[in-house]
Amino acid sequence: MRSASDTVSLSSGPLVPAPSRGRLAGVVTMAGSGLSNQVGAAIGALAFPVLGPVGVVAVRQYVAAFVLLAVGRPRLRDFTWAQWRPVLGLAVVFGTMNLSLYTAIDRIGLGLAVTLEFLGPLTIALAAARRRVDAFCAMIAAAGVVVLMRPQPSTDYVGMGLALLAACCWASYILLNRTVGRRIPGAQGSATAAGISALMFLPVGIILVLHRPPTAAAVGYAVVAGVLSSAVPYLADLFTLRRVPAQAFGLFMSVNPLLAALVGWIGLGQNLGSTEWASIGAIVAANTLSFLVRRG
């Protein structure tokens, strides 16, 4: 149970650095969120042959909206325009990030797509760096990403471009979610954004049902993906971003390429070569070094 002294102000004003117990809770939450996200993405990929990436993302948005609206219970009439602005931006980012990432996963695989998407939080980490060791670790991680996306004869540039679009959305997600957390208490902001994003995808679901009726198994995969990759991470990240600095969040989230590669290999049979594994290892090592130095 958390005491009042461990709680960070969630309503307004600048974020207060969290005590060590709060940061430890944030780190644990980030790890669980990352694993949940990648497992959900792999399960969602199983529905691609029937629903396609767009259909899976649509179901994800519906599930996320249902869960977050039930948890957050936003009081929309109380929102000011200053609160609505970041919420609307977050709604657009939700949909665009998921759609571009899942389409990239369909084209270039889970590990590579998530690794390129990591450029988003990595950019946040570089921009927020204040110590030489942070900048050094971030540059090591960046070098690993560059090796992973090196041009090859079979390179799918459209898929890589979509993954980079997801990276831009992820960076925006981090900044917007922090703003929403400052201005709106609880999960009301994220819940409202998820609901608006679900409304944006409502025509997609209608067209899909009318022109290509889905199977029960495909819908089940998409629903599970929605819970694991949308509802759980959104709530977890809302908790985390209020307890750890943006720089620490961006660097720690570099574990996602490793998680994605492992889940893609075990769950989807997407194998990586030794160069790819070495590059991912460098990314994770850079993150680990930065975190250990920070604690020291």
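Side-chain N or O atoms of Tyr62 include one that pairs as donor or acceptor with a backbone N or O of Gly205 at under 3.5 Å. Remark: the backbone N or O of Ala58 is not paired with any side-chain donor or acceptor of Gln61 at under 3.5 angstrom. Looking at Ser197, its side chain never comes within 3.5 Å of a backbone N or O of Ala193 through a donor-acceptor pair. Judged by distance alone, the side chain of Ser100 and the main-chain N or O of Met97 form a donor-acceptor pair under 3.5 Å. Judged by distance alone, the side chain of Arg107 and the main-chain N or O of Asp156 form no donor-acceptor pair under 3.5 Å.
Interatomic distance, Tyr157 OH to Met160 CE, rounded to the nearest 0.5 Å: 7.0 Å. Put simply, OG on Ser190 and CZ on Phe94 are 5.0 Å apart, with the number rounded to the nearest 0.5 Å. Taking CG of Leu164 as the start and CD of Glu117 as the end, the distance is 10.5 Å to the nearest 0.5 Å. Here the CG-OG distance, from Asn177 to Ser172, works out to 11.5 Å after rounding to the nearest 0.5 Å. In this structure, Trp84 CH2 and Ile184 CD1 are separated by 8.0 Å, a value rounded to the nearest 0.5 Å. Here the OG1 atom belonging to Thr179 is positioned 12.0 Å from the CD1 atom belonging to Ile174, to the nearest 0.5 angstrom.
For the residue pair Pro86 and Val180, the shortest heavy atom distance occurs at CB-CG2, 3.8 Å. Summarising the geometry of Arg75 relative to Gln188, their closest heavy-atom pair is N-OE1, 2.9 Å, with the distance given to 0.1 Å. Contact detail for Ala65 and Ala198: the closest heavy-atom pair is CB-CB, 3.6 Å. The shortest heavy-atom contact between Leu228 and Gly40 is CB-CA, 3.8 Å. The shortest non-hydrogen separation linking Pro203 to Met200 is CD-O, 3.5 Å. Here the closest non-hydrogen pair linking Pro214 and Val50 is CA-CG1, 4.0 Å.
Cluster annotation: Phe66 and Leu69 are assigned to distinct hydrophobic clusters (Ile/Leu/Val/Met/Phe/Trp/Tyr, side-chain heavy-atom contacts under 4.5 Å, transitive). No single ILVMFWY cluster, assembled from side-chain heavy atoms under 4.5 Å apart, contains both Leu162 and Val57. Both Leu99 and Leu101 belong to a common hydrophobic cluster when Ile, Leu, Val, Met, Phe, Trp and Tyr are linked at side-chain heavy-atom distances under 4.5 angstrom. Both Val93 and Ile196 are assigned to one and the same hydrophobic cluster, defined by single-linkage of ILVMFWY side chains at heavy-atom distances under 4.5 Å. Under a hydrophobic-cluster definition in which Ile, Leu, Val, Met, Phe, Trp and Tyr are linked whenever side-chain heavy atoms come within less than 4.5 Å, directly or via other members, Leu46 and Val54 are assigned to the same cluster.
Within a 6.0 Å sphere centred on CH2 of Trp277, other residues, nucleotides and ligands contribute more than 12 heavy atoms. Annotation: Phe79, atom CZ; neighbour count of heavy atoms from other residues, nucleotides and ligands within 6.0 Å is above 12.
Checked options Leu76, Leu90, Leu68; the residue passing with Thr192 is Leu76 (criterion: side-chain contact (heavy atoms from CB on, under 4.5 Å)).
Tyr102 is listed as a side-chain neighbour of Ser229, based on a closest heavy-atom distance under 4.5 Å. Proximity of Ile105 to Pro53: side-chain heavy atoms (C-beta onward) are nowhere separated by under 4.5 Å. Thr96 places a side-chain heavy atom less than 4.5 Å from the side chain of Leu165. Residues Tyr221 and Val56 form no side-chain contact, since every pair of their non-hydrogen atoms from C-beta on lies 4.5 Å or further apart. Counting heavy atoms from C-beta on, the side chains of Val39 and Leu35 come closer than 4.5 Å.
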